[in-house]
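Below is one structure, written out as structure tokens; the observations come after it.
Side chains are part of it too, since the values below use all heavy atoms of this structure and drop only hydrogens, waters and symmetry mates. Here is how names work: the chains are called A, B, and so on, in the same order as the sequence lines, proteins then strands, and each is numbered from 1.
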There are 2 protein chains.
Amino acid sequence: MTKAHPTDTSHDHNLCIKEALENAQKVCTARGSRLTALRERVLELVWQSHRPIGAYEVMANLKQGNSKPAQPPTVYRALSFLVEQGLVHKLSSSNAYIGCHIPDKAHDSCFLVCSNCQTTIELDIPDIKQSLAAHAEQCHFSINYSNIELSGLCAECR
Amino acid sequence: MTKAHPTDTSHDHNLCIKEALENAQKVCTARGSRLTALRERVLELVWQSHRPIGAYEVMANLKQGNSKPAQPPTVYRALSFLVEQGLVHKLSSSNAYIGCHIPDKAHDSCFLVCSNCQTTIELDIPDIKQSLAAHAEQCHFSINYSNIELSGLCAECR
DNA sequence: ATATGAAGTGTTACACAATAACATTGATTA
DNA sequence: TAATCAATGTTATTGTGTAACACTTCATAT
Ligand SMILES: [Zn+2]
Ligand SMILES: [Zn+2]
Ligand SMILES: [Zn+2]
Ligand SMILES: [Zn+2]
């Protein structure tokens with residue numbers, strides 16, 4: 001059973017959100033970390049769409065919604081927690097956050113960001129990591145973290 | 001003749017700077033773009049070391065040196081020009097800039113950033129790009145720009 | 001040479017992104 | 001229950017980047 005791509009506009013996104021929240025609960029329970037109401041709410045907001053969302057946008061949504069309004073430190077702390085737990089990734093080229101769909105699996109992320117609609121797909125590509133490590137080794141360089149962000153056009157937009 | 005790696009602390013860095021400035025002149029002349037005194041000075045400051053430098057650090061150095069002090073927009077404009085011309089790359093994960101050593105050659109960059117000393121090596125890895133493009137194509141995604149930043153330990157630091 | 005327009009730089013003010021420091025609240029445990 | 005630590009609230013500040021407009025410099029055409 002293959003999963004629908006986020007670029008498939010007809011997919012049931014409520015299911016994406018539901019799964020993400022369930023996965024988060026599982027992951028946090030397993031690790032003994034606390035997914036508080038605030039953190040869960042922020043995670044839900046990050047999962048609003050398959051486009052990266054900025055910290056201040058999250059904050060604005062908190063204010064609008066039924067949640068209590070929050071200041072920047074509150075939002076950044078929640079986001080930091082989610083990133084630490086691997087539930088959310090940060091895209092440094094746009095200072096924005098996106099939910100991870102495989103938070104229970106250790107992986108090196110590779111993001112495809114559509115330059116037209118911002119829809120973002122996360123790929124887990126072990127072979128690329130191997131290849132990069134080999135190249136790096138030739139410079140006597142050992143990799144321990146990779147940040148790969150590719151921009152282009154998604155299926156819908158091209 | 002192989003070139004010394006930036007991580008080789010005994011290399012003649014004045015030569016790096018000299019070559020970078022010469023290359024810049026060539027590239028700009030060939031393209032009919034203007035490498036003004038300010039832009040050249042900023043490029044020289046970026047090439048101060050093989051570590052990425054922030055815009056505000058460049059600005060501070062301009063103030064200290066014999067150059068005229070400059071405001072943020074001035075510095076950012078110069079940096080933007082240099083990035084457009086491919087003379088400098090921006091590392092988004094650290095909001096910092098580093099000189100390109102192959103500005104005359106179209107390439108997709110891959111950066112190895114030492115997490116201990118920040119020394120950064122730029123690799124041109126066409127095969128990785130091919131591989132990434134192939135993976136992306138499976139999601140019906142076409143890549144037109146890649147940002148790859150790897151952190152780890154360089155030869156000196158590990 | 002002089003006018004004209006475009007490109008580059010100066011200047012001020014502001015917007016957006018992130019964190020420091022400290023107070024308060026809530027959960028856990030002795 | 002008291003003590004303790006984790007989480008959140010609050011205020012202020014730092015860091016990063018840009019908008020808008022004035023002024024200067026350079027290239028080109030008359
Ligand atoms: Zn979805
Ligand atoms: Zn992920
Ligand atoms: Zn050097
Ligand atoms: Zn380069």
Can you name the atoms? Protein N/O to nucleotides 21-24 of chain D N/O, anything below 3.5 Å, with the distance.
none

Report all interatomic pairs (protein N or O, nucleotide N or O of nucleotides 18-20 of chain C) with separations under 3.5 Å.
from: C/dA18; atom 1: OP1; to: A/K90; atom 2: NZ; distance (Å): 2.6
from: C/dA18; atom 1: OP1; to: A/N95; atom 2: OD1; distance (Å): 3.4
from: C/dA18; atom 1: OP2; to: A/Y76; atom 2: OH; distance (Å): 2.8
from: C/dA18; atom 1: O5'; to: A/Y76; atom 2: OH; distance (Å): 3.4
from: C/dA18; atom 1: N7; to: A/Y56; atom 2: OH; distance (Å): 2.9

Just the atom pairs and distances: protein N or O near nucleotides 24-30 of chain C's N or O, under 3.5 Å.
none

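The two residues A/H101 and A/N23 come nearest to each other via the heavy atoms O-ND2, 4.5 Å. The heavy-atom pair separating B/F141 from A/C114 by the smallest distance is CZ-N, 3.6 Å. Nearest approach of A/A55 to A/L79, heavy atoms of both residues: CB-CD1, 3.8 Å. The shortest heavy-atom contact between B/L150 and B/C110 is CD1-SG, 3.8 Å. Smallest separation of non-hydrogen atoms from B/H50 and B/P6: CG-CB, 3.3 Å.
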Without placing hydrogens or testing angles, list every side-chain donor-acceptor pair under 3.5 Å for residues 82-92 of chain A, not counting sequence neighbours.
from: A/Q85; atom 1: OE1; to: A/R31; atom 2: NH1; distance (Å): 3.0
from: A/Q85; atom 1: OE1; to: A/S33; atom 2: OG; distance (Å): 3.3
from: A/H89; atom 1: NE2; to: A/H107; atom 2: NE2; distance (Å): 3.3
from: A/H89; atom 1: NE2; to: A/S109; atom 2: OG; distance (Å): 3.4
from: A/H89; atom 1: NE2; to: A/E122; atom 2: OE2; distance (Å): 3.0
from: A/S92; atom 1: OG; to: A/E149; atom 2: OE2; distance (Å): 3.3
from: A/S92; atom 1: OG; to: B/S92; atom 2: OG; distance (Å): 3.3

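Note on B/T74: a base of the nucleic acid sits closer than 4.0 angstrom, heavy atoms only.
To the nearest angstrom, P of D/dT16 lies 14 Å from CG of B/L91. Whole-Å rounding puts the B/K68 NZ to D/dT25 C1' distance at 11 Å. A straight line from CD of A/E57 to P of C/dA17 spans 9 Å, rounded to a whole angstrom. To the nearest angstrom, P of C/dA7 lies 14 Å from CD of B/Q85. Between B/K63 atom NZ and C/dG10 atom P there is a gap of 11 Å when expressed in whole angstrom units.
Between the CG atom of B/L45 and the OH atom of B/Y97 there is a distance of 14.0 Å, given to the nearest 0.5 Å. Atoms CD1 and OG, on A/I148 and A/S93 in that order, are 12.5 Å from each other to the nearest 0.5 Å.
Comparing B/Q71 and B/S33, the nucleotide of DNA chain C nearest to each residue sits closer to the 5' end for B/S33.
Considering only heavy atoms from C-beta on, A/L132 stays 4.5 Å or farther from A/D108 through its side chain.
Using a 4.0 Å cut-off between charged nitrogen and carboxylate oxygen, A/D124 and A/K105 count as a salt-bridge pair. Of the charged side-chain nitrogens involved, none lies within less than 4.0 Å of a carboxylate oxygen, so that B/E22 and B/K26 do not count as a salt-bridged pair.
Residues from residues 38-49 of chain B that place a heavy atom under 4.0 Å from any atom of DNA chain C, listed by number: B/L38, B/R39.
Pairs passing the salt bridge (charged side-chain N to carboxylate O under 4.0 Å, His left out) check and including a residue from residues 38-49 of chain A, sequence neighbours excluded, read A/R41-A/E44.
The hydrophobic clustering, which links ILVMFWY residues whose side-chain heavy atoms are closer than 4.5 Å, places B/I121 and B/F111 apart.
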